[in-house]
S.K.: 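Sharing a structure here in C-alpha cells format.
So you know, we letter chains A, B, ... as the sequences are listed, proteins then strands, and number each from 1.
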2 protein chains.
Amino acid sequence: MSLQFAILVALSDGPMSGYDIAKQFDESVGFFWRARHSQIYRELGKLKGKGWATSEEIEQTGKPNRIVFEIAPAGREALLEWSRQPSEVQELKDDFLVQLYALDHVDLDGLRANILSRQERHRDHLAQYQAKYRVLEGSTELVDVGRRLALEVAVIWEREWSEWCGRALDQLAGATAATVGNVVAINQKNGER
Amino acid sequence: MSLQFAILVALSDGPMSGYDIAKQFDESVGFFWRARHSQIYRELGKLKGKGWATSEEIEQTGKPNRIVFEIAPAGREALLEWSRQPSEVQELKDDFLVQLYALDHVDLDGLRANILSRQERHRDHLAQYQAKYRVLEGSTELVDVGRRLALEVAVIWEREWSEWCGRALDQLAGATAATVGNVVAINQKNGER
DNA sequence: GCGTTCATGTAACCTGTTACATGATTCT
DNA sequence: AGAATCATGTAACAGGTTACATGAACGC
C-alpha cells in the first residue's frame, strides 16, 4: 500500500507522468521510498481504478505521448486517512549486520573491504542530504518543517553509519582471518585457541 | 537469498529445527533479519536441496516430531563466499518519513500520536539492545566483537530515533491541523496564508 | 472449557526486481 | 556508429505476509 501513498505524495506537488514520478523519486519523497518504473506504472493503474487519481493523455510529436496523472479529491482524503492510522516502526534489516553477527564464520578481509566502501557511500549520501537540509533551514512553513525533520533522520542515519564504519575498522584492524570451524580470538596474546 | 544466509548463521550456533530458528530469531541474528515460520520452512527446504544443510527427524511422543537441521560443509563455504561479495547499503525506507515529507497533506494530530507511540517503542527497544550489549562488553573474542559492533548499530538507531521523536514533538507542538488543499504556516504570527 | 506451547507445513496473495519490448531524437 | 533520453508498458520471478490446517499436552 505504501507505494501508492508515496505516489500520491509526489502528485501532491502537481500533476505528473509515471516517468516524472520515477525521476522525482531520486530527489524528493524517494529518499524515503523508492520504486522502479515498472512498479510505478502498475500502482498508477490501481490508483486510477480506485478513483484516487485521474489521468490525461498529452499528445507529443517526436516523443511518445505523456500520460499525466493528477491526484483526485478521494486521493487527498485517502492520504489523510492513511496518516491517521498508526504506522509500523521500521525495524533494522541488513544482511551486512547479519555477517557481522557471525564474524567467526565469515571472510574478514571481505568484510573490511565492505566496510570501507560503505563508509565512502555514507559520506557521499551525508553530503547530499546536508545540502538538501540547508535549503530548508530557517523556514517556518509547515511543509518545510516536515521535510527538514525527515531529512534530519536521513542526515543522522548517514552520519552515524559513517562514524560507525570508522570505529569498526579500528576494532577489526588487528583481527586475524576466520578459519572454518575454528574459534579465533581477536587479541592473539589472550586467545587460548 | 539473504534469509538463507541468516538461517545458516543461526545454524552455526548448533543444529536447530525450523521452529527453533523462528524463536531464536527474536533474540539473536533476528535483530537484523526476521522471517515468519512459513518462510523459514520454505527456505530450509531450499538449503537442503542445495546441500547446504542436512536434516534429521527426531521422534517425540506427545509432541509432533522435530526435524533438526545442521549446517553442512558446503553451507559453511557458501557463507564465506557470501561475505566476500560486497553487500548493498541499506537505504532508508519508511512510510512514516513519507508522511512527514508531506506534512501539509496529512493529519497532524494523527502524526503526533504516531510519534509519541514510536518514541515509547524506541525507548523499549533501546533498553533491550543495551542490555544485550552490556553482556558482551570487555570481551576480545572475535564473535563477541562482531556482535557488539552489530548491536552498537541497533543501540544508536534506537537512541537517535527516540531523541529525534522528542525534537519532532517540540517542533510540531504549535502547528495547526492541515486543511485539504491549503498551505498552512507553522507559526501563526508569520503565516500569510 | 479455553488459551498457549509444541511443531510441521501449504496456498493464496502482495510487493518488488529483472528483463524484454518499442521507436524516435539528440548527443558524442 | 553507438549511446542516452523520452515514455510507455508486460511477463516472469523472487521475497515476504496472512491465513488455513492438524493435534496432543498442559496450565488456569
S.K.: So which nucleotide from dG16(C), dA7(C), dG9(D) ends up closest to the side chain of Leu3(A)?
M.R.: dG16(C)
S.K.: Any side-chain to backbone donor/acceptor pair from Arg148(B) onto Leu136(B)? Under 3.5 Å, distance only.
M.R.: yes
S.K.: Are Leu169(A) and Trp164(A) in one and the same hydrophobic cluster, where Ile, Leu, Val, Met, Phe, Trp and Tyr link if side-chain heavy atoms are under 4.5 Å apart?
M.R.: yes
S.K.: What residue pairs, at least two apart or across chains, pass side-chain hydrogen bond (donor to acceptor under 3.5 Å, both in side chains) with a residue in residues 5-18 of chain B?
M.R.: Ser17(B)-Asp20(B)
S.K.: Polar pairs (N or O, both sides) under 3.5 Å between protein and nucleotides 23-28 of chain D?
M.R.:
none

S.K.: If only atom types and distance count, is the side chain of Ser162(B) paired as donor or acceptor with the main-chain N or O of Arg159(B) below 3.5 Å?
M.R.: yes
S.K.: For the rings on Phe31(B) and Tyr129(B), is their centre-to-centre separation under 6.0 Å?
M.R.: yes
S.K.: When you measure from the side chain of Trp82(A) to the backbone of Val106(B), do you find a donor-acceptor pair of N or O atoms at a distance under 3.5 Å?
M.R.: no
S.K.: Could you give the CD-to-P distance, from Glu43(B) to dG9(C), as a whole number of Å?
M.R.: 14 Å
S.K.: Taking only Lys NZ, Arg NE, NH1 and NH2, and the carboxylate oxygens of Asp or Glu, determine whether Glu137(A) and Arg134(A) approach each other closer than 4.0 Å.
M.R.: no
S.K.: Please determine if Glu120(A) and Arg123(A) form a salt bridge, counting it only when a charged side-chain N lies under 4.0 Å from a carboxylate O.
M.R.: no
S.K.: Once you round it to whole Å, what is the distance between P of dC6(C) and CZ of Arg66(B)?
M.R.: 10 Å
S.K.: How close or far is atom P of dT8(C) from atom CG of Leu44(B), stated in whole angstroms?
M.R.: 9 Å
S.K.: Roughly how many Å is it from CG in Asn65(A) to C1' in dA24(C), rounded to a whole number?
M.R.: 12 Å
S.K.: Looking only at side-chain N and O atoms, does Arg118(A) offer a donor or acceptor that is under 3.5 Å from a partner on Ser87(B)?
M.R.: yes
S.K.: For the pair Asn65(A) (side chain) and Gln60(A) (backbone), establish whether a donor and an acceptor sit closer than 3.5 Å, ignoring hydrogens and angles.
M.R.: yes
S.K.: Hey, do the aromatic rings of Trp52(A) and Phe5(A) have their centres closer than 6.0 Å?
M.R.: yes
S.K.: Report each atom pair, protein N/O against N/O of nucleotides 10-14 of chain C, whose distance is under 3.5 angstrom.
M.R.:
none

S.K.: Can you check the Lys48(A) NZ to dT8(D) P distance for me, whole Å?
M.R.: 12 Å
S.K.: Bend across the helix from dG1(C)-dC28(D) to dT28(C)-dA1(D), to 10°, with axes taken over 5 pairs at each end?
M.R.: 40°
S.K.: Tell me: CD of Gln60(A) to P of dT8(D), nearest whole Å?
M.R.: 9 Å
S.K.: Just by modelled atom types, is the Leu172(A) backbone N or O under 3.5 Å from a matching donor or acceptor in the Arg112(A) side chain?
M.R.: yes
S.K.: May I ask you to say whether Arg167(B) pairs ionically with Glu152(A), meaning some side-chain N is under 4.0 Å from a carboxylate O?
M.R.: yes
S.K.: Roughly how many Å is it from CD1 in Ile7(B) to P in dG16(D), rounded to a whole number?
M.R.: 10 Å
S.K.: Just the rounded figure in Å: distance from P of dC6(C) to CD of Glu57(B).
M.R.: 19 Å
S.K.: Counting only non-hydrogen atoms, which of residues 11-29 of chain B are less than 4.0 Å from DNA chain C?
M.R.: Ser17(B), Gly18(B), Tyr19(B), Lys23(B)
S.K.: Looking at dG16(C), I'd like to know if its phosphate oxygens (OP1 or OP2) sit under 4.0 Å from a side-chain N or O belonging to Arg36(A).
M.R.: no
S.K.: Does the Ser117(A) side chain pair with the main chain of Asn114(A), one donor and one acceptor, at a distance under 3.5 Å?
M.R.: yes
S.K.: For DNA chain D, determine which residues of residues 82-102 of chain A have any heavy atom closer than 4.0 angstrom to one of its atoms, and list them numerically.
M.R.: Lys93(A)
S.K.: Report yes or no: does Arg147(B) contribute a side-chain atom to a donor-acceptor pair with the main-chain N or O of Tyr101(A) at less than 3.5 Å?
M.R.: yes
S.K.: Determine yes or no for a side-chain-to-main-chain donor-acceptor pair under 3.5 angstrom, with Asp95(B) supplying the side chain and Val98(B) the backbone.
M.R.: no
